[in-house]
Structures are given as C-alpha cells and as structure tokens.
Amino acid sequence: MTYPIEFKNVSFSYTGSQSLALSDINLTIAPGEIVLITGPAGSGKTTLCSCINGLIPHFHEGQLSGDVTIGPFNTRKARVGGLASLVGMVFQDPESQLVTNSVLDEVAFGPENLGIAREEINQRIQSALEATRLTGYEEREPHNLSGGEQQACVIAATYAMHPEIYVMDEPLANLDPAGRAYILNLVVQVARQRGKTLVIVEHALEETLPLVERIIIMDEGRIVRDGPTQEVLAQGDIPHVFKRPDVMRLANLYQLPEMPLTPGQFHQALRQKYSLHSLSNKTFQNGHVHDGEAVIEFKNVSFSYTQEKETLHDVNLNIKSGEMVAILGRNGSGKTTLVRHIIGLQQPSQGSVHVIGKDVAVTPTHILARDVGFCFQNPNHQIVSFTVKDEMTFGLKTHNVDPSEFDSRIREALEIVDLSDKIDWEVFDLGKGQKQRLALASVLTLKPKILVIDEPTTGQDPEMIDEIFAIIKRLNEMGTTILLITHRIDYAALFTKRAVVLQYGRISYDGPIRKLLLDHELMRSNSLDLPELTKLAVELSDLGVPGWAVGYDEMKSYLDQIVEVQHGN
C-alpha cells in the first residue's frame, strides 16, 4: 500500500504558549520520497514530526487546526498505537524512547506489539542489531549505554518494525562520525530498498544533503523553502535560518557549475574550471605547548562497571591549567566515564585521580563541584527545577553563595549563553538545545576553574553551535580549563590545540589535534572522520595544501592562491 503524508492548513500551539509552533502548513510528501527537514532550533521541525505519528493531538496538549492524514487515516481519529505500525519515529532524545531492560527486548518490543510471528521477530532482531553495530549488546541495559549507543538502539528498534514511513528527528546527533555516515547510509538504503518514505530532521547537512531528494526549510513554524535538493541549494543561504555547508559556499564563491555536494565533486569541478597553481610546501606546526601546572592527574586509572569488562584501562593523563582539550573517540570508548571521574561521579577501580590537588576517591562530590563545572550530554540529567530562574538559583543555594550575588551571577551567566529573555520560562518549554545552554549557564554561576562539557552541539543548529564554541573559547581565554567531549572534529580542530583519543578505554592518541588529522589510519580505527574541508585539503594536497586545513577562511586563502583570483567576500 502507499501512504502519502498530507498537511492541510495545519496550525498548532502548545498549551500555555502565546505563539504558534506551526502556522498554516500545507505539505504533501509522496510515498517513497526521501526528504530533509531543516531550520533553526525552535522552528517547528519536531512539532511537525509529532503531527505525523499522532503524538499531536493525542499526547502533546494544545490547539490543533487543519488536518494531517497518513494515507486514508486522519491523525485526529487514528490511535497513536495504530499509527505506530505505519510511522516509525526516532526521537531527538533517544533515552525518552527506551522502555525495556535489555537491548534485545528493546528491538523486539515493536514487532511483538504488532503481533509478528516469533521466528520473523528473531530474524528482524538479528538483522537490526547487525545493521546498527549492536551485535553483542543483546543483554546490555539500554539506559546504561552511551548516548550514541542509545541512539543506535532506538534506530534498531524502528528498523525492526518495518514501518511504511520512517521519521527520524536528528538521528545523527549522538553518534560518532563514522557511525553517523554508516547509520545515515543505512536508513536511506533501507528506505529505497523497501520503497518506504523517509523524513529526516537534521542539522548535519554535510552528511545528509548528498543523500536526499528534497529539502524543506522551516522557520518560526512556517515552511520558508521547499523543493528538490539542487534547486533549494541554488537559492543560497537564508540569514539566521539556513546556512549551506562550507564546501557549497566556497563553490558559490568560485562560481563552480552544478552545486557540488561533496569535497570530491568540488575538487573535480575546480580542476575543470581553473588552471591550478601549486603552493609552496606547508609544514605542520605543533602549536603552543601549555606550561602551566597540572590541575587534573590520572595515574594508572582502570575502571569497570562490571567484572566482565573494563571501561577504562591503565589511563595516565595530565591536564594543565588553562588548557582546552578535546576528548575524542567512538561511541562507547569510555569518554564520558573518563570525565565523570573528575567530579567523583565514578571512583577508580585501580589507580588515582587528583583534581587541583584533591584525591577524588576521598573528596566529596560537592567539594569537587566548587572547582569543577560539569555539563552532561543529556541536560535532563542535571536540570532539577521547573523554571529557568529556579534552576539558576539552585546551585548557588546549594553551595552557600552569598544571596546578594545571586542576581548578578545569574544575569551574567544567562547573557553568556543568550538566554536572558528566558529567565521566567518553564524548563518544559525549552528545546533540547536551550536546555543544554541552561545547564551550562547554571554551572557558570559557580565560576568553576575547570569546565567539563559532554557533547555541547547536540540539539543545536549551526548558528547556535558557532555561539556555543564562541562562549567556550571566551571562557578559556578568561583562564578556565576546559575538557570538551565532542564528535564535531571540525570544531575541535578549530578551537582546541590538543586531542586525547580513547579507544576501548585506553588512550590511543594524546597530542596536537592537527597532527591527528594527518593520521588517517588512526582516525579510521577510532571511528573518527575528517572534516569536509579537510577532505578537500587532502584532495588538493598535490598542490601543497596542508592536509590538516580545516576552517573556511583558511581554505579560502589556499584556494585564492591556487586559482589566483580575487573575491570581494
């Protein structure tokens, strides 16, 4: 059967909100289409997806006008459980979708509820686990998995249901770079092979654009652009709404024909259009080596959650005062476990961890928290209040800060993360990206000497990511020591000088991050992928472009020399 998705004059506002989350949406998605929905955080993308699977109007309270139909079914009348057999949904926050006590049961849950025969269920489970790199995880408890592994588990559960329509709300957000490419190619391949519809909500445009047929751009609850991929891209950027990847913006600058979607396509088009000139060889520079005192010291640290498997093994690591260090590695490599030792949330099974001279094994967490701010990957794990103001006040009260300082500290922290106008909001009304910035702001009120940030880009649109990293850079320049767990290798290379790579709980690399970019085998073995502009630099390496180039301005300067033309922007 075929199930087109149709929105007819659809508007929706959440209960208690004065603004429309969706405004007069008219949209048809034909069976078998592969569609990208993008736009800034808060533009209505997730709300639109919730209309497709019936969560609106049956679960999320609010005022809905117009009609949403999935084939012959009007979502106002169809039950959510019934629509679940047609629409497989992967939510932005995978943890909210996990319902069982093992990965095996999680993947089996959907097909069992659809009444699929046991033999067929077993085949689907095996296929789904293999497809999502979770074979061997069958007995693991989903809530104890890393964020990326949880994302893969939810995708596996959806994969096993064989729905007619796949709706994926930021399915790549928590995955390592190699996992992002793998999973994205998988879901597109499955949709095409099964002839099913695929709707992807994503900010990760570099990976997504080459694979989709149509782009829908949303802003403030409205569709502001909709069309075939090449046509939408040819219309250019929309300030504060839509920014094409750097490779495409450079293609525009150099007037390359037919918008290239990949570094390889850019390279080919550039050579066809221009007679290129070689640069003088560029030598790699290690950059500044920090000479401050060590404020974090791991000595022969091993740690196990269970007796069967070590999560960390014989880790030796020193972080010096004022450093900003990127912690990298594939999902499940031990990154979060490592940094949780810094604030005493985990204790070494062997070895020792010292933070500003304090042994974490004998120092209470609330004492360590005076010097160490910790932002979790999932902000819901640390937000404890109902309103933004109460959340900002909570830590100050807990740490006995003088109440006369509350207002100034709160105002300063909210200004840093651009949430000043949200001080009276309820936390429930914030998007995941806004919650992440709130969690950061509440930590900043305590003025920590060390800041640990676990995946700051999750749920953030490109403009927000730029803002977040500008905040992190400013804090580091003010003297804060920063440990940054991220899968965004491009931002890590632009903002940090040192990288620590974990592989199965061991340190596989500790050194200059741009030197890491030159070791392609080490990157591959750790499920790390080169940034798009670095891939372009590799394509142009025969002309002397250094293989560690990563930034837009950096690449533009090399291209200007190679093609010997001048541009006004």
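The figures here come from the full heavy-atom set of this structure, side chains too, leaving out hydrogens, waters and symmetry mates. All residue numbers refer to positions in the sequence shown, counting from 1.
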Taking the side chain as everything from C-beta on, heavy atoms only, tell me whether Ile56 gets closer than 4.5 Å to Leu22. no

Establish, from distance only, whether the side-chain atoms of Tyr14 and Thr47 form a donor-acceptor pair under 3.5 Å. yes

One pair to check against side chain to side chain contact (heavy atoms under 4.5 Å, CB included): Thr132 and Tyr159. What are the steps and the verdict? CA-CA 9 Å; Thr132 54; Tyr159 179 99; 5.6 Å; no

List the atom of Leu516, the atom of Tyr509, and the distance in Å for their closest heavy-atom pair. N-OH, 3.5 Å

What residues form a salt bridge (Lys or Arg N to Asp or Glu O under 4.0 Å) with Asp24, not counting sequence neighbours? none

Cationic N near anionic O, under 4.0 Å, Arg214 to Asp226: yes

With a 4.0 Å cut-off on N to O distance, would you call Asp237 and Arg244 a salt bridge? yes

Kindly say whether Gln123 contributes a backbone atom to a donor-acceptor pair with the side chain of Ser127 at under 3.5 angstrom? no

Tell me, yes or no, whether the heavy-atom count around Arg76 atom CZ, taken from other residues, nucleotides or ligands under 6.0 Å, exceeds 12. yes

Sequence-distant partners of Pro462, side-chain contact (heavy atoms from CB on, under 4.5 Å), two or more places apart: His203

Quick one: does Thr486's side chain get under 4.5 Å of Glu455's, heavy atoms only? yes

So Ser333 and Gln503, do their side chains get closer than 4.5 Å, heavy atoms only? no

d(Ile453 CD1, Ile327 CD1) to nearest 0.5 Å is 12.0 Å

Please list, chain by chain and in numerical order, all residues satisfying salt bridge (Lys or Arg N to Asp or Glu O under 4.0 Å) with Glu95, sequence neighbours excluded. none

Does the side chain of Glu106 come under 3.5 Å of the side chain of Thr100 through a donor N or O and an acceptor N or O? yes

So is Arg140 actually on top of Tyr305's ring, under 6.0 Å and inside 45° of the axis? no

Between Arg124 and Glu120, does any side-chain N to carboxylate O distance fall below 4.0 Å? yes

Ile342 side chain near Phe298 side chain, heavy-atom distance below 4.5 Å: yes

So do the side chains of Asp314 and Arg506 get within less than 4.5 Å of each other, counting heavy atoms only? no

Quick one: does Ile155's side chain get under 4.5 Å of Pro171's, heavy atoms only? yes

Write down the atom of Thr197, the atom of Ala30, and the distance for their closest heavy-atom approach. OG1-O, 3.7 Å

Among residues at least two apart in sequence or on other chains, which ones pass side-chain contact (heavy atoms from CB on, under 4.5 Å) with Ala269? Leu256

Are any of the side-chain heavy atoms of Phe12 and Ile25 separated by less than 4.5 Å? no

Would you confirm whether Tyr504, through its side chain, and Gly334, through its main-chain N or O, come within 3.5 Å as a donor-acceptor pair? no

Atom CD of Glu33 with >12 non-hydrogen neighbours under 6.0 angstrom: yes

For Arg488, the salt bridge (Lys or Arg N to Asp or Glu O under 4.0 Å) test, sequence neighbours excluded, returns Asp490

Should Phe374 and Thr365 count as side-chain neighbours, where that means a heavy-atom distance under 4.5 Å? no

Which heavy atom of Ala493 sits nearest a heavy atom of Leu517, and at what distance? CB-CD1, 4.1 Å

Using 0.5 Å steps for rounding, measure from the CG atom of Asp105 to the CD atom of Glu139. 7.5 Å

Residues passing the salt bridge (Lys or Arg N to Asp or Glu O under 4.0 Å) test with Arg133, sequence neighbours excluded, are Asp176

Glu164/Arg194 ion pair, N-O < 4.0 Å: no

Checking Asp67 side chain against Lys8 main chain: does a donor-acceptor pair fall under 3.5 Å? no

Among Gln150, His487, Gln151, exactly one meets side-chain hydrogen bond (donor to acceptor under 3.5 Å, both in side chains) together with Asn331. Which residue is that? His487

Do NZ/NE/NH1/NH2 and the carboxylate oxygens of Asp529 and Lys535 come within less than 4.0 Å? yes

Report, as yes or no, whether the 6.0 Å neighbourhood of atom CD on Gln230 holds more than 12 heavy atoms from other residues, nucleotides or ligands. yes

